[in-house]
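Below you'll find the structure, written out as structure tokens, and then a few comments.
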There are 2 protein chains.
Amino acid sequence: MTKDIEQRLKSKNIKPTAMRLLVLDFLMQQNTAISLNDLEKGMGPSDRITLYRTLKTFEEKGLVHHIEDGTGTTKYALCMEECDDHHHHDLHVHFYCNNCKETFCLPNTKIPQISLPEKFRSEEMNLVIKGVCDRCNPG
Amino acid sequence: MTKDIEQRLKSKNIKPTAMRLLVLDFLMQQNTAISLNDLEKGMGPSDRITLYRTLKTFEEKGLVHHIEDGTGTTKYALCMEECDDHHHHDLHVHFYCNNCKETFCLPNTKIPQISLPEKFRSEEMNLVIKGVCDRCNPG
DNA sequence: CTAACTTTGCAATAGCATTGCATCACAATT
DNA sequence: AATTGTGATGCAATGCTATTGCAAAGTTAG
């Protein structure tokens, strides 16, 4: 089981240190995107900056993507398998729940094609939808 | 001409003070979304916090909307006429140019309907497209 | 004119992101 | 096994933006 995590790191060219195994393990247990703070609290006692840099490394290597959900604090979530180093999260939608304040990836909800004005060229897209999530929605 | 600006403030139930007239005038001259910093530099010598609160007031009253373009710093731009107090910017797309680092409103580019997973309810949407803008695009 | 309310300006704070540097772990090479 | 180099970690410190508290100034209504 640790083997899987280790393998996942190696496949992205990330040296599997103890810290990184822990962080990745923790990330894999989440079903929402989390902030650096959440990570710090969720892990055992560990250095905030190291966690920060770990996330950054993960992001550079295409293991994690970050989300600006409009709250002002950056959230992080694991990439789906298809991501490579340079194209994360371009396609799927993120959802911020106004009720529980959680941020979700909606990996199956893709951003449709948008036709831009003349001479604008698109390289990345980022769509955040705010509303009420399935768990907070009555009925 | 100052009359127009004054009228625009009044029509949104904002008391037209000297400061506010200046800020609105400045905003009307912009064709990109600007940060608080830009505003501070662009105006004569004035208090940063007052400018901050002026923008906030404008936003509450539906005159201005803010954009999180992914750079980490909030940008502000005038709303189109159709905005009312509660529904700004929900519909149009924002564009961030990776080259000139400017953020634009694309008022004529609307966000298409997205079908969310079961039991997710949408209240707001925010789409930022990054790429190269018309002015930076060769040819 | 005076009282009530709003706006403005200054000071101070909070919070997140980010960098510098020194130490430590590890891996490779001799 | 010792040495050297590279990357990872931890601590300290900083920067920047957003945000609040409070007092002074300005505005409006009675």
Side-chain angles (χ1 to χ4, degrees), chain A residues 2 5-6 8-10 12-27 33-61 63-77 85 96 101 103, chain B residues 2 5-6 8-10 12-27 33-61 63-77 96 101 103 126:
Chain A
T2 320
I5 302 179
E6 199 173 325
R8 190 154 174 189
L9 287 173
K10 281 183 182 164
K12 295 284 185 178
N13 285 313
I14 305 171
K15 226 181 274 181
T17 68
M19 180 95 280
R20 287 168 180 175
L21 290 172
L22 288 172
V23 172
L24 178 51
D25 185 40
F26 184 81
L27 286 173
I34 62 169
S35 67
L36 178 57
N37 254 322
D38 298 334
L39 178 60
E40 193 184 7
K41 281 171 194 149
M43 306 265 310
S46 43
D47 181 53
R48 185 185 182 76
I49 287 88
T50 302
L51 295 175
Y52 168 75
R53 279 191 273 224
T54 302
L55 288 173
K56 219 172 166 186
T57 304
F58 283 6
E59 188 174 12
E60 277 164 13
K61 301 294 188 177
L63 185 60
V64 155
H65 62 280
H66 79 262
I67 303 137
E68 311 253 353
D69 58 12
T71 61
T73 41
T74 310
K75 305 285 164 54
Y76 301 84
D85 286 18
Y96 176 78
K101 317 295 185 199
T103 302
Chain B
T2 321
I5 302 180
E6 200 173 324
R8 191 156 173 187
L9 286 173
K10 280 182 183 166
K12 295 284 185 180
N13 285 314
I14 305 170
K15 228 180 273 181
T17 68
M19 179 95 282
R20 287 169 179 173
L21 290 171
L22 288 171
V23 171
L24 178 51
D25 185 41
F26 184 81
L27 285 173
I34 62 170
S35 67
L36 179 57
N37 253 321
D38 297 334
L39 179 61
E40 193 184 7
K41 280 171 196 149
M43 306 265 308
S46 42
D47 181 52
R48 185 185 183 77
I49 287 88
T50 302
L51 295 176
Y52 169 74
R53 278 191 275 221
T54 302
L55 287 173
K56 218 171 166 185
T57 304
F58 283 5
E59 188 174 12
E60 277 165 13
K61 300 294 188 176
L63 186 59
V64 154
H65 62 281
H66 80 262
I67 304 136
E68 310 254 351
D69 58 11
T71 59
T73 41
T74 310
K75 304 284 164 57
Y76 301 85
Y96 176 78
K101 316 296 185 200
T103 302
N126 204 334

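The sequence lines fix the lettering, A, B, ..., with proteins before strands; numbering per chain opens at 1.
Across all strands, T50(A) comes closer than 4.0 Å to base atoms (heavy-atom distances). Among the heavy atoms of the strands lying under 4.0 Å from T17(A) are primed sugar atoms or P, OP1, OP2 only; no base atom is included. R53(A) comes within 4.0 angstrom of a base, heavy atoms only.
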Quiz item: Could you go step by step and tell me if T71(A) and Y96(A) meet the side-chain contact (heavy atoms from CB on, under 4.5 Å) rule?
Solution: CA-CA 9 Å; T71(A) 61; Y96(A) 176 78; 3.5 Å; yes
Quiz prompt | Derivation and outcome, side-chain contact (heavy atoms from CB on, under 4.5 Å), residues L63(B) and T57(B) | solution = CA-CA 9 Å; L63(B) 186 59; T57(B) 304; over 6 Å; no
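Taking each heavy atom of L51(A) and E40(A) in turn, the nearest pair found is CD1-CA, 3.6 Å.
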Atom pairs and distances, side-chain donor-acceptor, residues 15-26 of chain A, under 3.5 Å, sequence neighbours left out:
unit_1: T17(A); atom_1: OG1; unit_2: R20(A); atom_2: N; d: 3.3
unit_1: R20(A); atom_1: NH1; unit_2: K15(A); atom_2: O; d: 3.1
unit_1: D25(A); atom_1: OD2; unit_2: Q29(A); atom_2: NE2; d: 3.3

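dG9(C) atom C1' lies 16 Å from atom CG of L22(B), rounded to whole Å. The distance between atom CD1 of I67(B) and atom P of dT17(D), rounded to the nearest whole Å, is 17 Å. Spacing between atom NE2 of H66(A) and atom P of dC16(C) amounts to 16 Å, rounded to whole angstrom units. At whole-Å resolution of the value, CZ in F58(A) and P in dA8(D) are 11 Å apart. One interatomic measurement links the two molecules: OH of Y76(B) to P of dT17(D), which rounds to 12 Å at whole-angstrom precision. A straight line from CD of E68(B) to P of dA17(C) spans 12 Å, rounded to a whole angstrom. Across the protein-nucleic acid pair, L36(B) atom CG and dT19(D) atom P stand 10 Å apart, rounded to whole Å. Rounded to whole angstrom, the span from the CD1 atom of I49(B) across to the P atom of dT13(C) amounts to 14 Å.
Remark: N37(B) is not in phosphate contact with dC16(D), judged by side-chain N or O atoms under 4.0 Å from OP1 or OP2. Taking side-chain N and O atoms only, Y52(B) has a distance below 4.0 Å to OP1 or OP2 of dT19(D). Phosphate contact (OP1/OP2 of dT19(D), side-chain N/O of R48(B), threshold under 4.0 Å): absent.
From E60(B), atom CD reaches atom CG of N13(B) across 12.5 Å, with rounding to the nearest 0.5 Å.
Each of G72(B) and K56(B) has a nearest nucleotide on DNA chain D; the 5'-most of these lies closest to G72(B). Nearest-nucleotide mapping onto DNA chain D: of K15(B) and S46(A), the residue sitting toward the 5' end is S46(A). Positionally, the nearest nucleotide of DNA chain C for D47(B) lies more toward the 5' end than for the other of T74(A) and D47(B).
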